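Protein chains get the first letters and strands the later ones, always in sequence-line order, with residue 1 at the start of each. In what follows, every heavy atom counts, from backbone to side chain, and hydrogens, waters and symmetry copies are set aside. As the structure is a computational prediction, the values presented were derived from the model and not from experiment.
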Number of protein chains: 2
Amino acid sequence: MRTRRIDPVNCSVARSLAVVGERWSLLIVREALDGARRFGEFHARLGIAKNLLTTRLDSLVAAGVLRRVPYQEPGSRQRFAYELTEQGEALRPTLVALLEWGDKYLPTPEGPSVIVRHRPADDEAACDEPVRVVLQCAAGHTHLHPEDICRTPGPGARFVDAP
Amino acid sequence: MRTRRIDPVNCSVARSLAVVGERWSLLIVREALDGARRFGEFHARLGIAKNLLTTRLDSLVAAGVLRRVPYQEPGSRQRFAYELTEQGEALRPTLVALLEWGDKYLPTPEGPSVIVRHRPADDEAACDEPVRVVLQCAAGHTHLHPEDICRTPGPGARFVDAP
DNA sequence: CGGCTGAGTTGACAACTTGAACTCAGCATC
DNA sequence: GATGCTGAGTTCAAGTTGTCAACTCAGCCG
């Protein structure tokens with residue numbers, strides 16, 4: 001019997017990337033996390049082509065990352081805004097991880113342009129410290145080294161012959 | 001004076017995505033984290049077109065994510081393998097974040113196919129617990145809610161007029 | 001009515017992706 | 001020493017996706 005591996009196509013990373021792995025999707029989510037809600041805001045902030053923005057917003061809505069909500073400004077007709085669902089909010093760790101990686105390995109001479117801070121809405125407990133993303137195991141161990149981590153098959157694993 | 005925002009184009013997320021935001025880049029890194037090293041392994045595991053794989057591997061090497069190392073199997077001529085640099089290893093939290101997100105929001109009926117575990121090489125301290133990605137501030141606070149997090153300008157921030 | 005605005009749509013063109021066929025260097029075999 | 005095999009690519013046509021500019025469309029405002 002040949003060596004077998006976990007099938008790499010049957011993987012949540014691949015499924016996630018099918019949803020948010022396109023050129024602009026994560027940048028749209030980033031802007032949404034930063035408060036953008038309206039078509040024109042995304043367009044102006046990102047410089048994305050409008051027709052692409054239309055299709056990206058539609059596909060993110062279809063995937064459940066964004067929600068389309070009507071709004072009406074006084075003196076204007078009803079329009080639609082796009083706001084993050086819980087599922088969209090849940091992409092924050094991914095974006096913080098990418099932010100950290102870029103800060104460390106693709107730095108600009110001036111230093112990072114954005115720092116994510118722990119700043120609760122009720123300022124009483126405001127600690128204001130920078131936020132980082134860390135790998136932590138269920139037993140509470142943190143600062144895991146690469147060699148201390150391994151991928152194991154889960155209940156849904158399928159296997160393929162190793163090449 | 002108009003409201004001003006942090007310039008979204010001058011951002012580490014955008015610079016990171018320029019390197020690893022293309023269709024296959026993160027999947028190549030995922031396979032590398034799982035031990036793939038050779039052209040044929042990446043090709044067979046991912047099913048990516050060979051010419052694209054060539055350009056992706058080259059650009060990941062140019063970006064410092066992978067390193068091109070010669071190897072020679074007995075009875076074969078010298079060839080090249082691609083292995084992760086420290087910079088490439090540092091993408092692990094990003095991939096774990098995407099894995100978790102996919103497991104939670106894009107599940108398959110059978111359950112997750114991969115579980116990342118804390119399993120040190122020297123099994124003595126093996127705890128084997130699943131590994132998760134968590135946001136943690138420098139003061140040690142964890143379990144941060146969306147509303148407890150904000151983006152603040154860093155030293156390299158540039159500003160643009162709000163749209 | 002005629003112009004203004006935000007939110008799109010359309011269409012021509014450019015860039016990227018795919019898949020299949022081809023090359024190429026060295027080893028092994030005849 | 002010709003032939004074929006293998007892994008690692010390269011080339012090319014066809015299809016898909018992204019870009020930019022121009023256009024539409026609905027309602028408000030004067």
Side-chain angles (χ1 to χ4, degrees), chain A residues 2-3 8-9 14 17-29 31-32 35-63 66-83 161-163, chain B residues 2-3 8-9 14 17-29 31-32 35-63 66-83 161-163:
Chain A
R2 302 184 58 190
T3 316
V9 175
L17 288 173
V19 173
V20 296
E22 284 148 317
R23 208 188 207 42
W24 292 101
S25 305
L26 278 175
L27 290 173
I28 290 172
V29 173
E31 291 308 319
R37 289 168 39 87
R38 302 183 343 194
F39 187 93
E41 285 179 304
F42 291 107
H43 176 58
R45 292 189 187 194
L46 294 171
I48 178 178
K50 289 164 125 196
N51 54 350
L52 239 201
L53 179 56
T54 302
T55 65
R56 281 296 158 269
L57 289 174
D58 287 351
S59 66
L60 289 171
V61 168
L66 298 176
R67 181 191 303 125
R68 198 159 184 263
V69 296
Y71 73 97
Q72 185 155 24
E73 295 216 329
S76 293
R77 69 179 157 136
Q78 174 177 298
R79 300 177 194 285
F80 291 93
Y82 300 86
E83 56 186 43
D161 289 331
Chain B
R2 301 183 59 191
T3 316
V9 175
L17 288 173
V19 172
V20 295
E22 285 148 314
R23 208 190 207 40
W24 292 101
S25 305
L26 279 175
L27 290 173
I28 290 172
V29 172
E31 291 308 320
R37 289 169 38 88
R38 300 179 348 190
F39 187 92
E41 285 179 304
F42 291 107
H43 176 57
R45 293 190 186 194
L46 294 171
I48 177 177
K50 289 163 126 198
N51 53 354
L52 239 201
L53 179 56
T54 302
T55 66
R56 282 296 159 269
L57 288 173
D58 288 350
S59 67
L60 289 171
V61 168
L66 297 177
R67 182 192 303 126
R68 200 158 183 265
V69 296
Y71 73 97
Q72 186 155 25
E73 295 217 330
S76 294
R77 68 179 156 139
Q78 175 177 295
R79 301 178 193 282
F80 290 93
Y82 300 87
E83 56 185 44
D161 289 332

Find the distance A:Glu73:CD to C:dG6:P and express it as a whole number of Å. 9 Å

When the distance from NZ of B:Lys50 to C1' of D:dA13 is rounded to whole Å, what number comes out? 18 Å

Whole-Å distance separating the CG atom of B:Leu57 from the P atom of D:dG9: 8 Å

Round to a whole Å and report the spacing from OH of B:Tyr71 to C1' of C:dG26. 13 Å

Could you measure the distance from the CG atom of B:Leu60 to the CZ atom of B:Phe42? Nearest 0.5 Å is fine. 9.0 Å

Sorted by chain and residue number, the side chain to side chain donor-acceptor pair (under 3.5 Å) partners of A:Arg23 (sequence neighbours excluded) come out as none

Can you tell me how far P of D:dG9 sits from CG of B:Leu53, to the nearest Å? 8 Å

Would you please name every residue forming a salt bridge (Lys or Arg N to Asp or Glu O under 4.0 Å) with B:Arg79, sequence neighbours left out? none

With sugar-phosphate meaning primed atoms plus P, OP1 and OP2, does A:Phe42 contact a base, only sugar-phosphate, or nothing at under 4.0 Å between heavy atoms? nothing

Summarise how protein sits on nucleotides 11-17 of chain C as a single string, 5' to 3': B when a protein heavy atom is under 4.0 Å from the base, S for sugar-phosphate-only contact, - for no contact. B-----S

For the residue pair B:Ser25 and B:Val19, what are the closest heavy atoms and their distance? OG-O, 3.9 Å

Between A:Phe80 and A:Tyr82, which heavy-atom pair has the shortest distance, and what is it? O-CE1, 4.1 Å

Atom CD of A:Glu41 and atom P of C:dT5 are separated, to the nearest Å, by 17 Å

What donor-acceptor contacts under 3.5 angstrom involve side-chain atoms of residues 47-55 of chain B, with partners at least two apart or in another chain?
{"from": "B:Thr54", "atom 1": "OG1", "to": "B:Lys50", "atom 2": "O", "distance (Å)": "2.9"}
{"from": "B:Thr55", "atom 1": "OG1", "to": "B:Leu52", "atom 2": "O", "distance (Å)": "2.9"}

A:His43 NE2 to D:dA22 P: how many Å, rounded? 13 Å

Please list, for nucleotides 25-30 of chain D, all pairs of protein and nucleotide N/O atoms separated by less than 3.5 Å.
{"from": "D:dC28", "atom 1": "O3'", "to": "A:Gly75", "atom 2": "O", "distance (Å)": "3.3"}

So what does B:Arg37 hit on the nucleic acid, given a heavy-atom distance under 4.0 Å: a base, only sugar-phosphate, or nothing? nothing

D:dA8 phosphate, OP1 or OP2, under 4.0 Å from B:Tyr82 side-chain N/O: no

Distance in Å, B:His43 NE2 paired with B:Leu57 CG, rounded so as to fall on 0.5 Å steps: 12.0 Å

Find the distance B:Phe80:CZ to D:dT10:P and express it as a whole number of Å. 12 Å

Of A:Arg45, A:Arg37, A:Arg56, the residue whose pairing with A:Glu31 passes salt bridge (charged side-chain N to carboxylate O under 4.0 Å, His left out): A:Arg45

For B:Gln78, side chain to side chain donor-acceptor pair (under 3.5 Å) partners two or more places apart: none

